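All remarks here apply to the structure that follows.
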Number of protein chains: 2
Amino acid sequence: MSLRIALLGLLTAYGSASGYDLTKGFERSVAHVWQAGHSQIYPELAKMTADGLVTVAAEGARGRKIYSITPEGRAELRAWLIGHDPSGPARSEVALQAFLLPLLETREALDVLERLKTHMEHKLAELEALRAAKQAASAQEGTSGVRFGDLALDLGLRQVRTSLQWADDAIAQLGRQATTEEGADPS
Amino acid sequence: MSLRIALLGLLTAYGSASGYDLTKGFERSVAHVWQAGHSQIYPELAKMTADGLVTVAAEGARGRKIYSITPEGRAELRAWLIGHDPSGPARSEVALQAFLLPLLETREALDVLERLKTHMEHKLAELEALRAAKQAASAQEGTSGVRFGDLALDLGLRQVRTSLQWADDAIAQLGRQATTEEGADPS
DNA sequence: GATTGACATGTCATTGCTTACATGTCACCT
DNA sequence: AGGTGACATGTAAGCAATGACATGTCAATC
C-alpha cells in the first residue's frame, strides 16, 4: 500500500513523470524514507493505471510513458495521509544487533559498535549533503515556508544523531565494564 | 536471514525453547526490534533443523517440541553479529507521512502531527514499562553489567523521545506559519 | 562506424511476510 | 458433561520485495 502512496506523492510533487523519473526520484529524495527499485515500480504503475489512480498522459521518445495523477489518485493519497495510523512493523537490523550484542565478549562487542558508528556517520553525512543541496536549490527561487520532504529530512537527521549518541554512550559503558573486569580478574 | 538470527539469539538466551515459547518471546522482549508470527516461526524452525542450526532436544506434552541451538547455530549467530553490515531497507510509514505532509493544508497537517504524537507517547509508555519490568526482575537476582536486550531498549527509548521532540517542533513551526498566513491574508 | 553509457521498460524466480484456515490437547470452571 | 481459554503446531493463499535476466533507443565519443 505504502508504495502506491509514495508514488502518488512523488507524482503530485512532479506534476507528471515517467516510471524512470520516479525510479530516480526514489534514489534521490525519498530514499531515506522509502525504497523501491524499478522492478517494483513499473508493475505497480500498471496496476494503479488499471485502478484509475494514475493515467498515461503522453508517450515520449524511447517508449517513455508519462504518468499523471487522477482525481481518484489525489483522493486516495489524501485519505491515507489524514486517516492512516502508522503501525509500520518494527524491523531494524541495527536494533537487532544491539539486542544481541551482550552475547559477544566485550572486546568483540566494542568492535561491532565502532563499525555501527562509522556506518551512522556516513549516513549522517549523506543526509546533511541532501539538506545542503535542498537549501541551495530553494535559495535560488524565493520559495518560503515548509517544503516537500523538509520535515522528513529533519526527522531523519535527528534520528541518526540520536543513534550516534547512543553508540558513543554504549561504547563508553562497555569500555568501563571491560576495565573493571580486568581489575577484578587479572588472570 | 534476520528472522533466523533473532530465533538463534532467543534460543541462546533461553537455553532451549519450543516454537510456542519463541512466538511468545517475539511478542514480549524482541517486539520492538523484530516481529514475526507463529506461521513464520514454525516453518523457519523446520528449515533450521534441516540446516543443522538447531535440534529437537525433547518432545513434551501436547506435541510440544523443545529446540536447542547447535554449535553450527552458534557459529552462524556469531558470524552474523560480527560480520554483518546492517543495511536494513529504510522503510518508515511515519517518515513517509512526514515527507508528504506539506501536501495537506496547514490545519490538516497539524491534526496529523497531533495524532502521530499521541501514537509516539503510547509507544514511549510501553518501552518505559518494559524497562521498569526488566529492572525489577534484575533487582531480585544480583546480576550486574549489561544484560540481553538492554542496549536495544535504550536505543529504542532514545529514538522515540527524539521523534516526540521532532513532532513538537514541527507542530510549533507549522503553527507559526499558520498565524503569519492569517495575518498576511485576512480574507 | 563502433562502442559506451545514460535513457527506458519490462519479466521472472525466489524469498519474506501476513492473514486466514485448520486441528488437536489439556486444565479449569460450571 | 460441556464450555472456555490457554497451550501447541501446523498449512495455504496471496501480496510485497529483491535480484537477475532481457530488450531496445538514442547521443556522444573515439
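Note that this is a predicted model, so its numbers are computed, not measured. Here is how names work: the chains are called A, B, and so on, in the same order as the sequence lines, proteins then strands, and each is numbered from 1.
Residues A/V94 and A/S163 fail the side-chain proximity criterion, which asks for heavy atoms closer than 4.5 Å. The shortest distance between side-chain heavy atoms of B/F148 and A/L103 falls below 4.5 Å. The shortest side-chain heavy-atom distance between A/R64 and A/S18 falls under the 4.5 Å cut-off. Side-chain contact between B/I66 and B/E59: absent, with no pair of heavy atoms (C-beta onward) separated by less than 4.5 Å. Two residues are said to be in side-chain contact when any heavy atoms from C-beta on lie closer than 4.5 Å; B/F99 and A/L151 fail this criterion. Residues A/L100 and B/L77 are in side-chain contact: their nearest non-hydrogen atoms beyond the backbone lie under 4.5 Å apart.
Heavy-atom contacts from other residues, nucleotides or ligands closer than 6.0 Å to CD of B/Q165 number 12 or fewer.
When each of A/R62 and A/L3 is assigned the nucleotide of DNA chain D bearing its nearest heavy atom, the one mapping closer to the 5' terminus is A/L3. The residue among A/A61 and B/K24 whose nearest nucleotide of DNA chain D lies closer to the 5′ end is B/K24.
End-to-end axis angle of the helix from C/dG1-D/dC30 to C/dT30-D/dA1, from C1' rotation axes over five pairs per end: 0° (rounded to 10 degrees).
Residue-level contact check: B/R91 touches the backbone only, with heavy atoms under 4.0 Å from sugar-phosphate atoms and none from bases.
Read 5' to 3', the first and last nucleotides of DNA chain C with an atom closer than 4.0 Å to a heavy atom of chain B are C/dG16 to C/dC26.
Taking CE of A/M48 as the reference point, atom OH of A/Y67 lies at 9.5 Å (rounded to 0.5 Å).
Side-chain contact, B/T162 with A/T162: a donor N or O sits under 3.5 Å from an acceptor N or O.
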- Message: Let's go through B/E93 and A/H84 carefully: what are the C-alpha distance in whole Å and the side-chain angles of both, what is the deciding distance for side chain to side chain donor-acceptor pair (under 3.5 Å) to 0.1 Å, and is it a yes or a no?
- Response: CA-CA 9 Å; B/E93 288 196 357; A/H84 182 75; 2.6 Å; yes
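Taking a 4.0 Å limit (strictly below) on heavy-atom distances, residues 33-52 of chain B reaches DNA chain D at B/H38, B/S39, B/Y42.
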